[in-house]
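Working notes, beginning with the structure itself.
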Amino acid sequence: MEIRRFILKRLIEICIIFFVILTVLFLLFHLSPGDPVTKMVDPTMTPEDAEHLIDQLGLNQPLWLQYIYYLKNFFSGNFGTSFHYGEPVFAVILNRLPNTIVLFTTAIILSAFVGIFFGKIASWHKGKQTDTWITLGALICHTIFLPWLALLMIWVFAFKVGWFPLNGMISPEVWTNPSAGLWHKLLDVIHHMILPLATLFCIHFGSYLLIMRSSMLDTLKEDYILTARAKGLDEKVIRNRHAAPNAALPVVTSVGLSLAFSINGGALTETVFSWPGIGRELVFAVSNNDYPLAMASFLLIAIVVLLANLVVDVLYAYLDPRIRY
Amino acid sequence: MVTNKSMQLFNGSGRLYKRYPMIGRFLENWSVFNESLIGRIGLVLLAVFALMALFSFFTPMIDPMYHPMTGVDPQISNSTGPSWRHWLGTDFIGRDILCQLLAGARIAFMVGISAAFMSIVLGTIIGMIAGYAGHIVDTLLMRLADMIMVMPTLLVVLILSSLFGQLNIWTIVLLIALFRWPGVSRVIRAQTLSLKQRPFIEAAKVTGVSHFRIIFRHIMPNVLPLSLLYMTFRVTSAIIIEAALAFLGFGDPGTVSWGMMLQWVWKTGHMFQAPYWLLPPGICISLLTLSFYMLGRAMEEVIDPRLREEGEIE
């Protein structure tokens with residue numbers, strides 16, 4: 001019951017934050033140099049089409065009315081037409097969203113679990129060789145420059161060794177082949193996904209491991225661990241059942257706190273690997289001055305970040321019985 | 001235990017420590033810092049990069065062809081591998097990669113330190129005000145902080161550069177600073193909240209000291225070490241954001257940064273043929289980030305005595 005109220009409260013907060021973002025973006029759009037009409041309307045459009053679009057977006061109205069139009073259009077999913085694709089922006093970005101979510105969540109979940117596991121091992125062998133090597137590896141993963149790592153991955157595993165495709169998400173010859181089954185297509189996507197996934201995994205894995213390690217070291221000093229030892233419990237049971245679950249909580253928090261950072265990384269990874277996701281679409285739109293697409297992708301990313309934050313909060317409350325909202 | 005020369009210096013006779021408590025405290029902190037291996041490695045790495053940044057001022061003086069941005073070798077018009085003339089080779093129009101690398105160090109330091117400094121100043125002041133004032137001011141400022149914290153800085157700067165056109169390096173620095181203060185201000189706020197309960201603040205209030213003076217004379221000296229610690233972490237994030245921005249092609253076109261070099265090697269399609277060009281900028285960014293991170297970790301031990309017994313990464 002309480003958790004439901006908490007979610008509701010957070011949802012209202014999210015709505016307010018999002019509303020502020022929406023307004024700030026509108027203001028920035030009108031504050032920036034250049035005519036809003038030329039920014040929103042594709043120069044290659046026919047005059048009638050352009051007229052229609054201007055009417056629809058309310059660009060010939062006074063500013064306050066434009067704001068109302070802007071909000072109305074936003075909530076009815078009308079973001080204008082992309083210059084580059086010539087399609088409604090909404091359709092374009094909705095198409096890209098699942099690709100991003102698949103790549104992103106897989107990477108985060110995988111790296112959180114592996115990070116927690118190795119962090120546990122490292123802290124257990126504190127000061128020994130195992131610890132040194134694991135921690136050193138994590139440090140390198142944590143501080144390596146992401147786009148460079150992505151380039152290296154492509155260079156080594158796609159170009160030199162040739163195990164994986166250079167970029168993209170699907171190979172057309174598989175997807176246009178009518179005899180290829182679903183299983184075949186799925187394997188093709190996974191084959192393309194491994195390198196970007198490995199890149200994102202590396203970056204997150206390092207920081208989660210470091211957090212888990214230091215949190216575990218703190219937990220091991222707690223009284224209840226001493227009690228468990230005094231009871232003569234098996235060391236493995238103490239490590240895995242008593243210490244690790246509690247120590248893993250800060251990792252969950254850090255997943256939430258570093259979400260903005262992860263989204264940056266996601267956009268970079270998608271761009272380097274040409275993974276057709278929303279982050280790449282934003283970068284692409286910005287470099288092509290495709291304003292409707294850029295603004296809509298940014299807003300969608302903002303929604304995703306805010307909702308993901310909520311998910312992490314709820315997960316945290318679920319994992320830690322001490323926290324009841 | 002800490003036993004080295006600097007400790008003996010101020011423990012022994014105690015005169016130096018008495019006359020200059022600042023020096024004594026510095027030496028004490030320094031000896032703690034010096035104990036940690038990662039702190040020393042970080043400092044050495046940092047010194048190397050600082051030297052690189054320093055050298056970047058001299059290379060164009062040797063020969064104009066070594067200018068990182070405009071210097072083109074008259075005999076070379078494409079990317080070539082390392083040679084005596086160009087130790088790390090040249091880029092696609094014959095500019096020296098080593099010189100670009102040195103210039104990149106300068107830009108990285110400039111961006112990192114100035115952005116971190118600004119965000120720390122902003123974060124510390126906002127954190128202190130929020131913690132000290134409490135009530136509605138606190139709520140408003142912290143909500144603002146929460147809001148900024150969830151925004152992915154890189155993408156925000158990206159969308160701003162699409163709206164306002166090509167951003168120059170100082171605008172980028174300013175934007176990074178504007179979006180990176182919330183983390184700091186939260187920590188500073190928590191610290192201020194606990195300081196507020198201490199008797200010396202009460203005493204100051206009773207004697208009628210103004211709020212302004214309490215914040216800046218009584219609270220600030222106590223939170224400053226923490227701000228300084230956060231500065232090292234902010235330096236890394238500022239460097240990374242600037243490099244990523246340049247990598248995506250939205251950097252300041254008038255500067256040569258490591259991110260820019262990576263963009264050139266990537267966009268001109270030399271990635272697979274020119275490892276001598278692909279590897280150095282990435283190694284430099286990663287190592288500089290690593291050195292600031294190590295420095296921060298070692299400083300953490302100096303500032304937070306609880307971490308001293310263990311918790312250090314070796």
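First the proteins, then the strands, lettered A, B, ... as listed; each starts at 1. Any value given below was found using the heavy atoms of this structure, including those in side chains, with hydrogens, waters and symmetry copies removed.
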Do you know which of [options] has the most heavy-atom pairs with chain B at a distance under 4.5 angstrom?
{"options": "A:D290, A:I140, A:I16, A:L282", "answer": "A:L282"}
{"options": "A:N309, A:N289, A:L28, A:L306", "answer": "A:L28"}
{"options": "A:L25, A:I263, A:T143, A:L149", "answer": "A:T143"}

Counting only heavy atoms not in [X], do more than 12 fall under 6.0 Å of its [atom1]?
{"X": "B:Y230", "atom1": "OH", "answer": "no"}
{"X": "A:F157", "atom1": "CZ", "answer": "no"}
{"X": "A:F261", "atom1": "CZ", "answer": "no"}
{"X": "A:F164", "atom1": "CZ", "answer": "yes"}
{"X": "A:F159", "atom1": "CZ", "answer": "yes"}

Is there a side-chain contact between [X] and [Y] (heavy atoms, below 4.5 Å)?
{"X": "A:F298", "Y": "B:L158", "answer": "no"}
{"X": "B:P275", "Y": "A:W155", "answer": "yes"}
{"X": "B:L290", "Y": "A:I144", "answer": "no"}
{"X": "A:I21", "Y": "B:M151", "answer": "yes"}
{"X": "A:L152", "Y": "B:L279", "answer": "yes"}
{"X": "B:I239", "Y": "A:F145", "answer": "no"}
{"X": "A:Y291", "Y": "B:S162", "answer": "yes"}

At a heavy-atom separation under 4.5 Å, does [X] approach chain B through its side chain, its backbone, both, or neither?
{"X": "A:L268", "answer": "side chain"}
{"X": "A:A267", "answer": "side chain"}
{"X": "A:L146", "answer": "neither"}
{"X": "A:V272", "answer": "both"}
{"X": "A:V286", "answer": "both"}

Contacting moiety of [X], where chain A heavy atoms sit under 4.5 Å:
{"X": "B:I283", "answer": "both"}
{"X": "B:F272", "answer": "both"}
{"X": "B:F250", "answer": "side chain"}

Requested in this report: Take A:L259 and B:V150 through the side-chain contact (heavy atoms from CB on, under 4.5 Å) test and state the conclusion after the steps.
Outcome: CA-CA 7 Å; A:L259 215 59; B:V150 295; over 6 Å; no

Requested in this report: Check whether any side-chain N or O of A:W148 sits under 3.5 Å from a backbone N or O of B:L278 as a donor-acceptor pair, and report yes or no.
Outcome: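 Pair found, side chain donor or acceptor close to backbone of B:L278.
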
Query raised in the report: Would you say B:Y293's side chain and A:H142's backbone share a donor-acceptor pair under 3.5 angstrom?
Result: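 Side chain of B:Y293 to backbone of A:H142: no pair is present.
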
Report task. Check the pair A:N264, B:L155 against side-chain contact (heavy atoms from CB on, under 4.5 Å), reporting the backbone distance first and the verdict last. Result -> CA-CA 7 Å; A:N264 286 339; B:L155 301 185; 3.8 Å; yes

Report task. To the nearest 0.5 Å, tell me how far B:I159 CD1 sits from A:S297 OG. Result ->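 If I round to the nearest 0.5 Å, the distance is 7.0 Å.
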
Query raised in the report: How many angstroms lie between OG in A:S258 and CE in B:M149, if you round to the nearest 0.5 Å?
Result: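 A:S258 atom OG to B:M149 atom CE measures 10.0 Å (nearest 0.5 Å).
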
Requested in this report: Starting from the C-alpha separation in whole Å, work towards a yes-or-no answer on side-chain contact (heavy atoms from CB on, under 4.5 Å) for A:L151 and B:F247.
Outcome: CA-CA 11 Å; A:L151 292 181; B:F247 174 76; 3.9 Å; yes

